[in-house]
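All values below come from the heavy atoms of this structure, side chains included, with hydrogens, waters and symmetry mates left out.
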Amino acid sequence: MQCDSYLINRDTLALDPVFVDGYRTRIITKHGEYLSRMSILSLLEESCIRNASTFDGRIKAIRKLMEYPQKTPLLIDTEEEVAACPTLSHIHPECVWIFNHHFHVNVLSGNTSEVVFDNGMSLQVKVSKHVLNNQQQRMYSMMEVYRSKRRNMMIYVERPRTLQK
């Protein structure tokens, strides 16, 4: 696995595509910004694999459960609750992935917004405030559905088994 994918964790704020000097991704974390030669999709794939799945497998499951056929949010790590939502279709070269941290949005123009995280870090994205708020809501809804399913599963697993005759 590529080491850069280890930067995808609870401290990750966003993945932003860059196209300079062989770098492909700017990884924005609570601790600073890092450049990676890996693509965003490769970073997400390696992160999902570390958590016993694949990017495509997770997207397929979320699409089936949540009926989000486009701009599907991604649950990367169910244990640590690491999730992200795309600003555009994940195959679009300018797609930014924003992770599950609180942020607010400043409108810069009709289709350009600034995402500002609680720690003051920010980035510009080429989508409207409406799209960002919608994607954030979808991501949190997806996370809550998975939390609920996990709680229900644990109740079933922890319930004492009855003897059958």
Side-chain angles (χ1 to χ4, degrees), residues 4-18 24-30 36 38-118 121-156:
D4 290 352
S5 70
Y6 286 101
L7 293 169
I8 310 305
N9 56 44
R10 289 188 64 145
D11 293 334
T12 308
L13 299 173
L15 299 177
D16 187 25
V18 295
R24 298 176 73 188
T25 304
R26 178 170 63 132
I27 304 168
I28 303 167
T29 75
K30 291 179 180 180
S36 175
M38 293 177 69
S39 70
I40 289 175
L41 291 180
S42 294
L43 288 165
L44 292 172
E45 174 73 12
E46 292 298 326
S47 298
C48 288
I49 288 172
R50 239 189 1 265
N51 291 287
S53 188
T54 63
F55 176 87
D56 289 336
R58 296 224 184 238
I59 291 292
K60 185 176 179 180
I62 293 161
R63 283 181 176 165
K64 184 173 183 175
L65 182 66
M66 301 296 297
E67 298 180 11
Y68 294 154
Q70 298 174 324
K71 292 191 264 184
T72 307
L74 178 67
L75 185 56
I76 299 166
D77 183 342
T78 57
E79 197 73 23
E80 293 291 320
E81 293 193 343
V82 178
C85 60
T87 58
L88 301 165
S89 165
H90 70 272
I91 60 173
H92 194 285
E94 293 185 5
C95 178
V96 174
W97 286 80
I98 299 175
F99 284 66
N100 56 307
H101 294 279
H102 184 264
F103 63 85
H104 69 272
V105 180
N106 296 325
V107 177
L108 300 177
S109 70
N111 279 330
T112 304
S113 304
E114 178 185 42
V115 176
V116 182
F117 296 96
D118 283 350
M121 297 187 93
S122 65
L123 76 150
Q124 285 186 18
V125 292
K126 294 180 182 177
V127 295
S128 69
K129 180 177 183 173
H130 172 75
V131 167
L132 288 168
N133 289 336
N134 187 53
Q135 285 301 97
Q136 183 183 42
Q137 183 60 47
R138 289 171 67 166
M139 177 175 58
Y140 286 128
S141 294
M142 171 205 62
M143 291 178 72
E144 187 52 40
V145 165
Y146 274 90
R147 266 188 223 112
S148 176
K149 286 189 168 298
R150 188 177 184 137
R151 279 191 304 266
N152 290 341
M153 180 191 71
M154 294 311 293
I155 290 169
Y156 176 77

**Student:** Is there side-chain contact between Thr29 and Leu13, with at least one heavy-atom pair below 4.5 Å?
**Tutor:**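 A side-chain contact is absent here, since even the closest heavy-atom pair is not under 4.5 Å.
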
**Student:** Please work out which of the three classes, parallel, tilted or perpendicular, describes the rings of His90 and Trp97, given edges at 30° and 60°.
**Tutor:** tilted

**Student:** For the pair Ser5 and Arg50, evaluate side chain to side chain donor-acceptor pair (under 3.5 Å) and give the outcome as yes or no after the intermediate values.
**Tutor:** CA-CA 9 Å; Ser5 70; Arg50 239 189 1 265; 3.0 Å; yes

**Student:** Measure the spacing between SG of Cys95 and NZ of Lys126 and express it to the nearest 0.5 Å.
**Tutor:** 13.0 Å

**Student:** Report yes if some heavy atom in the side chain of Phe99 is under 4.5 Å from a heavy atom in the side chain of Ile8; otherwise report no.
**Tutor:**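 They are in contact (side-chain heavy atoms under 4.5 Å apart), so the answer is yes.
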
**Student:** Taking it one step at a time, do Asp118 and His101 satisfy side chain to side chain contact (heavy atoms under 4.5 Å, CB included)?
**Tutor:** CA-CA 8 Å; Asp118 283 350; His101 294 279; over 6 Å; no

**Student:** Without swapping roles, check the side chain of Thr25 against the backbone of Met38 for a donor-acceptor pair under 3.5 Å.
**Tutor:**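 Pair found, side chain donor or acceptor close to backbone of Met38.
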
**Student:** Check whether Asn100 reaches the backbone of Ala84 with its side chain - one donor and one acceptor, N or O, closer than 3.5 Å.
**Tutor:** no

**Student:** For Ile98 and Met139, work out which heavy atoms get closest and say how close.
**Tutor:** O-SD, 3.9 Å

**Student:** Using every non-hydrogen atom in the two residues, find where Ile76 and Leu44 come nearest and quote the distance to one decimal.
**Tutor:**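 What the structure gives for the nearest pair is CD1-CD2, 3.8 Å.
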
**Student:** Quick one: CG on Asn51 to CZ on Arg58, what's the gap to the nearest 0.5 Å?
**Tutor:**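 One finds 5.5 Å between CG of Asn51 and CZ of Arg58.
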
**Student:** Atom CD of Glu67 and atom OG1 of Thr72: how far apart are they, to the nearest 0.5 Å?
**Tutor:**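 So the gap between those two atoms works out to 11.5 Å.
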
**Student:** Show your reasoning for whether side chain to side chain contact (heavy atoms under 4.5 Å, CB included) applies to Leu15 and Val96.
**Tutor:** CA-CA 6 Å; Leu15 299 177; Val96 174; over 6 Å; no

**Student:** Show your working on side chain to side chain contact (heavy atoms under 4.5 Å, CB included) between Thr54 and Glu45 and close with a plain yes or no.
**Tutor:** CA-CA 6 Å; Thr54 63; Glu45 174 73 12; 3.7 Å; yes

**Student:** OG of Ser53 to CG of Leu74: how many Å apart, nearest 0.5 Å?
**Tutor:**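 Ser53 atom OG to Leu74 atom CG measures 8.5 Å (nearest 0.5 Å).
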
**Student:** Would you say the side chain of Ile28 lies within less than 4.5 Å of the side chain of Leu123, judging by non-hydrogen atoms?
**Tutor:**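 Yes. Closest side-chain heavy atoms under 4.5 Å.
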
**Student:** Between Thr12 (side chain) and Asn9 (backbone), is there a donor-acceptor pair under 3.5 Å?
**Tutor:** yes

**Student:** Considering residues at least two apart in sequence or located in another chain, which fulfil the side-chain contact (heavy atoms from CB on, under 4.5 Å) criterion with Val116?
**Tutor:**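 Only His104, Asn106, Glu114, Ser122 meet the side-chain contact (heavy atoms from CB on, under 4.5 Å) criterion with Val116.
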
**Student:** Would you call Val145 and Leu65 a side-chain contact if the rule is heavy atoms closer than 4.5 Å?
**Tutor:**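 Yes - at least one pair of side-chain heavy atoms lies under 4.5 Å apart.
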
**Student:** Look up atom OG in Ser141 and atom OH in Tyr146, then write down how far apart they are to the nearest 0.5 Å.
**Tutor:**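 Reported to 0.5 Å precision, the distance equals 13.0 Å.
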
**Student:** Under a 4.5 Å cut-off applied to non-hydrogen side-chain atoms, are Arg10 and Lys30 in contact?
**Tutor:** no

**Student:** Passes side chain to side chain contact (heavy atoms under 4.5 Å, CB included), Gln124 versus Leu108? Steps please.
**Tutor:** CA-CA 9 Å; Gln124 285 186 18; Leu108 300 177; 3.6 Å; yes

**Student:** What pair of heavy atoms forms the shortest contact from Ser128 to Gly110, and how long is it?
**Tutor:**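 Shortest heavy-atom separation between Ser128 and Gly110 comes out as CB-O, 3.7 Å.
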
**Student:** Should Glu81 and Arg147 count as an ion pair when the cut-off is N to O under 4.0 Å?
**Tutor:**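 Counted as a salt bridge, because a side-chain N and a carboxylate O are separated by less than 4.0 Å.
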
**Student:** Mind checking what makes side-chain contact (heavy atoms from CB on, under 4.5 Å) contact with Lys71, not counting sequence neighbours?
**Tutor:** Pro86, Val131, Gln135

**Student:** Supply the atom-to-atom distance Ser47 OG to Ile49 CD1, rounded to the nearest 0.5 angstrom.
**Tutor:** 9.5 Å

**Student:** Does Arg63 make a cation-pi contact with Tyr68 (under 6.0 Å, within 45 degrees of the axis)?
**Tutor:**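 No cation-pi geometry.
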
**Student:** Closest heavy-atom contact between Leu88 and His92?
**Tutor:**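 Residues Leu88 and His92, closest heavy atoms: CD1-ND1, 3.5 Å.
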
**Student:** Asn133 and Val105: which non-hydrogen atoms are nearest, and at how many Å?
**Tutor:** OD1-CG2, 4.0 Å

**Student:** Can you find a side-chain donor-acceptor pair between Ser148 and Glu144 that sits under 3.5 Å?
**Tutor:** no

**Student:** Where is the tightest heavy-atom contact between Ile62 and Met142, given as atom of each residue plus distance?
**Tutor:**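 Scanning both residues, the minimum pair turns out to be CD1-SD, 3.4 Å.
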
